[in-house]
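Please read the structure below before turning to the comments.
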Amino acid sequence: MSLFSDQTAYWRRLAGLLACLIPLTAPLAGAELPEAINLDGDPESGRQIAFDRAKGNCVSCHVIAGATSPGSIGPVLTAIQTRFPSKHELAKQIWDPTVRNPDAVMPPFGKHEIFTPKEFADVVSFIWTL
Amino acid sequence: MPRLILFWVILGFIAPLALAATPAEEQAAFQGYFKRRFPSVPENEFKNGVYAIDPVMRANWEAIEEFPPYEQAIARGEELWKTPFANGRTYADCFPDGPAIANRYPRWDREHGTVVTLSLALNDCRKANGEEPLPYNKGPLVDLLAYIAYQSRGQITQVEIPEDDPRALEAYTKGKRFYFARRGQLNFSCAHCHFANSGAKLRTETLSPALGHTTHWPVYRSEWGEVGTLHRRFAGCNEQVRAKAFPLESEEYRNLEYFLTYMNNGQELNGPGARK
Amino acid sequence: MGYIDWVRIGSIILLVATNSAWAEENTEVEQAIAAAEGARQQAASVGGEWRDTAKLIAKAKELAQAGQIQEAIALANRARRQGELGYEQALREQNADFPAYVFGKP
């Protein structure tokens, strides 16, 4: 019996290791943006999440081209690639904006797992196109 | 060298005292901040909340106020106020100066070492007369609050923090910490929306300034479709930032009401109100 | 031993083996739910519980009873992380105070 349970534990550990190699399926746990995070998301799906009140709801605070009645709390989301040196730096900002500015109002969408890993990659990919 | 040490020791004692602001200083800074932020809003307009700063929303609100949606609640409340308990006594026996007593709450209760809100005082009166306490979320208690608020219109907010009871300052400080603490999955504090972002748009809604937040309760909210209390609004805000709400009239919310109402000292009471 | 005896022994071994796999998975989901509940209570003890944590735990229990063990474990783990994050948040914010700009000059 002990051999059997050891084997399950072994497979589970192996599965855990594999899961770490595929960040899109692993939970977003951890305070900091994982260096190896996969940011190849679907911008179109990211747009829908950004506009959806129950999901990203980015429009409640930011002006985004194509969105109606945006809020005025955050900066206009435009010329993103001139404002962030890389997609990874943009991802850091969306993961937890209080790292760069402790008084930031924007929610930590990654750190607090407001987005699933796929949603996070999709939204970063969408914002990166703005 | 010893003189230098002495210098640091003295500074170590003095610095925290110099840095810690008193409630009165904090109140002055709070009110000054909103007056600087909205220089064109007269001081006696803040009680109208977002309608003091948004002319379009104000026009809609004034139309609503022509046929106030809280009128029936006031009428029901008056009926309740005048109806005797089973023992023949009435609310007026508990509150001899009633019903215009809204600006006496929240108040520090030295005997019980706690903040007493008007809701709590009404239920204490019922219990003292052998009646069941009323639920805090809706119904007769809110009707009573509406009647008392209406009768108290024109009174000035004047919350006191007795200096000879350190527990009162502690309750104020707890309320203050609650107000400024980030909470919930969305990580917002009350101040994140109602200080530096007041007047900004959240989608189509204008965020209201914290100065004026306590004057007009209970409120008919179109979103509720009925009259509700300040604590119900606290709970709603907490859930919006995805924090678990505290029970209405919990110590947390009573301390919060104590802090926030003290910040609004000097503001005229104009309840019950109507909001979106 | 006859043929029947071998069948009997074989079935017992099979039964014990599958049962123990089931038991282990069951223990794992129970532990995950208990850990989530512990984290939720710890967050609540400092006033830092989040809105949906208890709902996630209730849903995880439902899934576990319906036999969807891996889904239940994933949900319980999410609830546990919420409890941990809410607890950390409340401790970080326990001395929150007026922002400096309120005291600033215009």
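Below, read A as the first sequence line, B as the second, and so on, with proteins coming before strands; counting in each chain starts at 1.
Heavy atoms of B/Asn238 lying under 4.5 Å from chain C are absent altogether. For B/Phe30, the parts lying near chain C are the backbone and the side chain together; criterion is any non-hydrogen pair under 4.5 Å. In this structure, chain C has heavy atoms under 4.5 Å from both the backbone and the side chain of B/Ala196. For a residue to count as touching a neighbouring chain, one of its non-hydrogen atoms must lie under 4.5 Å from one of that chain's; by this rule C/Gln94 touches chain B with the backbone only.
Between C/Tyr101 and B/Phe195, the ring planes are perpendicular. Angles over 60° get that label, and only those under 30° would be called parallel.
The most heavy-atom pairs under 4.5 Å with chain B, out of C/Gly47, C/Ala44, C/Ala43, C/Ala54, come from C/Gly47. For the set B/Ala243, B/Ala29, B/Ser189, the count of heavy-atom pairs under 4.5 angstrom toward chain C peaks at B/Ala243. Ranked by heavy-atom pairs under 4.5 Å with chain C, the list B/Ala245, B/Gly32, B/Ala181 is led by B/Ala181.
With values rounded to the nearest 0.5 angstrom, C/Glu49 atom CD is found 9.0 Å from B/Phe246 atom CZ.
Within a 6.0 Å radius of CD in B/Glu160, no more than 12 heavy atoms belonging to other residues, nucleotides or ligands are found. Counted within 6.0 Å of NZ on B/Lys244, heavy atoms from surrounding residues, nucleotides or ligands total 12 or fewer; the atom is thus considered open. Counting heavy atoms of neighbouring residues, nucleotides and ligands inside a 6.0 Å radius, atom NZ of B/Lys201 exceeds 12 of them. Counting non-hydrogen atoms of other residues, nucleotides and ligands closer than 6.0 Å to CD of B/Glu43 gives a total of 12 or fewer.
Although no hydrogens or angles enter the test, the distance criterion places no donor-acceptor pair under 3.5 Å between the side chain of C/Arg92 and the main chain of B/Arg182. At least one donor-acceptor pair under 3.5 Å links the side chain of C/Arg51 to the backbone N or O of B/Glu239.
Remark: C/Asp52 does not engage B/Arg242 in a salt bridge, criterion side-chain N to carboxylate O under 4.0 Å.
Side-chain contact check for B/Lys176 versus C/Asp97: some heavy-atom pair is nearer than 4.5 Å. Within the 4.5 Å cutoff, no side-chain heavy atoms of C/Glu93 are placed close to those of B/Arg183. B/Glu26 is listed as a side-chain neighbour of C/Phe103, based on a closest heavy-atom distance under 4.5 Å.
In terms of heavy atoms, B/Arg177 sits closest to C/Asn95 at NH1-O, 3.4 Å.
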